[in-house]
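Notes to accompany the following structure.
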Amino acid sequence: MGSADKDPVELVRYVQVQIIGLRTFARAKNEMKPVEKLIDDFFVSGPFR
C-alpha cells in the first residue's frame, strides 16, 4: 500500500510528530549531518513508502 492509500490525517500526524522530535534532536546536536539524514529517512521509510 503506497502513501496515496493512506489517511491524510494520519500522514499529517506522522509528520508533526517527526518534526517535533527532529527539532528536539537538532537542538541537542551541534552537527547538521545527522539531522539531514533523519530528514531523508522520514520520507524514505515510514508511511511514505
Side-chain angles (χ1 to χ4, degrees):
M1 176 157 49
S3 63
D5 300 326
K6 305 283 180 160
D7 178 12
V9 173
E10 291 297 320
L11 290 174
V12 169
R13 285 185 189 141
Y14 175 83
V15 170
Q16 287 175 329
V17 169
Q18 297 303 325
I19 289 171
I20 292 167
L22 181 63
R23 288 180 66 202
T24 302
F25 181 79
R27 287 179 181 160
K29 296 283 183 184
N30 290 328
E31 294 181 58
M32 283 305 296
K33 194 141 190 123
V35 175
E36 291 170 353
K37 182 178 179 339
L38 284 172
I39 292 169
D40 290 340
D41 290 347
F42 292 157
F43 295 100
V44 172
S45 61
F48 296 101
R49 296 185 267 143

Donor-acceptor pairs are to be reported for all side-chain atoms of residues 29-43 against protein atoms at under 3.5 Å, with residues two or more places apart or in another chain.
residue: Lys37; atom: NZ; partner: Asp41; partner atom: OD2; Å: 2.9

Is there any salt bridge (charged side-chain N to carboxylate O under 4.0 Å, His left out) pair reaching into residues 9-20, and which pairs are they, with sequence neighbours excluded?
Glu10-Arg13
Under 3.5 Å donor-acceptor pairs involving side-chain atoms of residues 16-23, not counting sequence neighbours:
none

